[in-house]
Amino acid sequence: MKFTAEQIAGILEGEVVGDPNATVFKLSKIEEGSEGSLTFLANPKYLNYIYTTQATITIVNNTFTPESPITTTLIKVEDAYKSFSKLLEYYNQVKLMKSGIEQPSVISEGVTYGENLYLGSFCYLGKNVTIGENVKIYPNSFVGDNVSIGDNTIIFAGARIYSETEIGKNCVIHSGSIIGSDGFGFVPNEEGVYSKVPQIGNVIIEDNVDIGSCTTIDRATLGSTVIRKGVKLDNQIQIAHNVEIGENTVIAAQTGVAGSTKIGSGCQIGGQVGIVGHLTIGNNVRIQAQSGVSKNLKDGEVVQGTPSLGYAEFNKSYVHFKNLPKIVSDLDTIKKQVTNENSINNG
């Protein structure tokens with residue numbers, strides 16, 4: 001896609017200083033700018049690059065006035081950083097503006113869908129799937145029977161949406177994610193042989209949820225595994241059966257949440273956190289990376305470590321953890337001194 005300086009200025013409500021017909025087709029950092037690229041200058045640390053950049057167009061603040069000759073066409077705006085971010089969002093929307101049904105693809109009996117559906121090649125839609133308007137489902141995706149998908153949701157290539165899953169509006173599910181696979185439910189008999197417990201619940205994903213690549217959300221044994229509005233899940237996260245995650249909670253990569261745990265709203269959970277099952281995590285809780293949570297947490301708690309401790313308590317304790325060999329050596333020395341003194345006194 002190509003854009004002229006005049007077109008970009010129109011989108012950003014900016015002023016062109018230079019060639020209004022200058023054309024760009026790619027984005028770049030200002031220090032790496034090349035012909036045909038668009039960049040921006042917001043941080044004063046990068047000011048010198050404005051005089052050497054080969055970028056065709058540069059977005060700058062209204063207050064910028066060159067002190068030496070420049071070759072790049074300028075677009076002056078109120079806030080260069082915000083304007084560049086706005087342009088990125090616009091570019092992404094244009095890039096994802098696809099519609100139509102590619103072949104080969106399978107649309108089963110009873111499927112209904114709204115306007116502007118994009119269904120990539122080699123996709124499968126099961127029976128009685130319901131799809132809203134402006135939904136994008138990229139190639140090689142699987143959508144099982146009785147799934148519902150809300151307006152403006154994007155499902156990227158290779159995602160797997162199992163039967164009965166409910167997905168809200170404005171959601172993004174990235175490649176390789178699996179939504180609605182069986183929960184980990186097995187029961188041993190007297191001989192120690194495990195039998196599978198049928199997992200007959202589903203997954204409910206509410207509006208404005210983002211799910212990273214290769215994340216797995218298991219269906220409930222009974223009832224629903226629920227991801228509430230505004231939740232953001234990173235890549236490679238495991239959410240077990242019957243878990244509930246509250247509104248606007250964010251979870252970083254490689255975290256695992258065991259079955260039936262309830263996580264409140266507004267929580268921040270770092271990477272590689274492990275949370276055992278059947279817990280209740282309050283609202284606005286912060287769990288530092290690589291923590292192991294094995295007990296309920298109240299609203300607003302901040303924890304770290306394995307098993308997790310209060311954040312301040314952990315930091316105080318860590319000073320002693322680092323000095324543990326010296327502390328043990330000192331204790332041994334004191335013990336020997338006491339033993340020797342006792343021997344002398346008893347002699």
Side-chain angles (χ1 to χ4, degrees), residues 126 142-150 159-168 171 173 176-188 194-212 214-285 287 291-299 301 303 307-308:
F142 169 86
V143 179
D145 297 345
N146 306 311
V147 168
S148 64
I149 302 171
R160 303 291 184 261
I161 314 298
Y162 282 40
S163 64
E164 321 298 332
T165 297
E166 300 176 20
I167 300 173
C171 293
I173 299 174
S177 288
I178 299 175
I179 313 299
S181 53
D182 280 359
F184 191 65
F186 298 90
V187 175
Y194 286 85
S195 299
K196 185 174 179 60
V197 177
Q199 308 291 293
I200 61 173
N202 73 338
V203 173
I204 297 175
I205 297 172
E206 296 186 346
D207 299 343
N208 304 308
V209 171
D210 283 62
I211 297 172
C214 299
T215 283
T216 301
I217 303 174
D218 290 342
R219 69 173 54 243
T221 306
L222 295 170
S224 300
T225 302
V226 183
I227 313 298
R228 298 289 182 196
K229 294 178 182 178
V231 167
K232 310 300 179 187
L233 302 179
D234 199 357
N235 305 326
Q236 298 180 330
I237 289 173
Q238 163 64 24
I239 305 297
H241 55 199
N242 293 96
V243 167
E244 181 175 333
I245 300 178
E247 294 184 11
N248 300 314
T249 283
V250 294
I251 304 180
Q254 298 183 358
T255 286
V257 183
S260 298
T261 283
K262 310 300 181 188
I263 298 175
S265 62
C267 295
Q268 298 176 0
I269 300 175
Q272 296 186 333
V273 167
I275 302 176
V276 305
H278 301 275
L279 296 186
T280 299
I281 308 296
N283 300 322
N284 303 309
V285 169
I287 303 174
S291 295
V293 180
S294 58
K295 63 180 182 178
N296 295 335
L297 298 176
K298 298 177 182 178
D299 292 355
E301 284 199 65
V303 299
S308 59

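Because the structure is predicted, anything quoted here is derived from the model rather than measured. Along the sequence shown, residues are numbered consecutively beginning with 1.
Applying the salt bridge (charged side-chain N to carboxylate O under 4.0 Å, His left out) rule to pairs touching residues 245-258 yields nothing, sequence neighbours excluded. Sorted by first and then second residue, the side chain to side chain donor-acceptor pair (under 3.5 Å) pairs involving residues 264-278 (not counting sequence neighbours) are Q254-Q272, S265-N283, Q272-Q290.
Side-chain N or O atoms of D299 include none that pairs as donor or acceptor with a backbone N or O of G282 at under 3.5 Å. Using modelled atom types, no side-chain atom of D234 and backbone atom of A252 make a donor-acceptor pair closer than 3.5 Å. Listed for the T261 side chain is a donor-acceptor partner under 3.5 Å among the backbone atoms of V276. A donor-acceptor contact shorter than 3.5 Å links the side chain of K262 to the backbone of N242. Judged purely by atom type and a 3.5 angstrom limit, T255 uses its side chain to pair as donor or acceptor with the backbone of V273.
Remark: D210 engages K232 in a salt bridge (Lys or Arg N to Asp or Glu O under 4.0 Å) (not counting sequence neighbours). Here E206 pairs with R228 under the salt bridge (Lys or Arg N to Asp or Glu O under 4.0 Å) rule; sequence neighbours left out. E164 is linked by a side-chain hydrogen bond (donor to acceptor under 3.5 Å, both in side chains) to N146, counting only residues two or more places apart in sequence or in another chain.
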Side-chain donor-acceptor contacts of residues 177-188 below 3.5 Å, not counting sequence neighbours, with atom names and distances?
{"from": "S177", "atom 1": "OG", "to": "H174", "atom 2": "O", "distance (Å)": "3.3"}
{"from": "S177", "atom 1": "OG", "to": "G212", "atom 2": "O", "distance (Å)": "2.5"}
{"from": "S177", "atom 1": "OG", "to": "C214", "atom 2": "N", "distance (Å)": "3.4"}
{"from": "S177", "atom 1": "OG", "to": "T215", "atom 2": "N", "distance (Å)": "3.3"}
{"from": "S181", "atom 1": "OG", "to": "D218", "atom 2": "OD1", "distance (Å)": "3.0"}
{"from": "D182", "atom 1": "OD2", "to": "K196", "atom 2": "NZ", "distance (Å)": "3.2"}

- Please assess E166 against I204 for the test side-chain contact (heavy atoms from CB on, under 4.5 Å), listing each intermediate value before the final yes or no. CA-CA 5 Å; E166 300 176 20; I204 297 175; 4.0 Å; yes
- Derivation of the side-chain contact (heavy atoms from CB on, under 4.5 Å) call for V293 and I269: CA-CA 11 Å; V293 180; I269 300 175; over 6 Å; no
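Note that CD1 of I173 is 7.5 Å distant from CD1 of I149, once rounded to the nearest 0.5 Å. Put simply, CD1 on I245 and CD1 on I263 are 5.0 Å apart, with the number rounded to the nearest 0.5 Å. A distance of 12.5 Å separates CG of L297 from CG of N284, quoted to the nearest 0.5 Å. The OG atom of S148 sits 10.0 Å away from atom CD1 of I205, with the distance rounded to the nearest 0.5 Å. If you take CD1 on I251 and CD1 on I287, they are separated by 8.5 Å, rounding to the nearest 0.5 Å. Between atom CD1 of residue I217 and atom CD of residue Q238 there is a gap of 9.0 Å, rounded to the nearest 0.5 Å.
Residues E244 and V226 meet the side-chain proximity criterion, which asks for heavy atoms closer than 4.5 Å.
N202 approaches S224 most closely through the heavy-atom pair OD1-OG, 2.6 Å. Looking at every heavy atom in both residues, G259 comes nearest to A240 through N-CB, 3.4 Å. For the residue pair T221 and Q199, the shortest heavy atom distance occurs at OG1-OE1, 3.0 Å.
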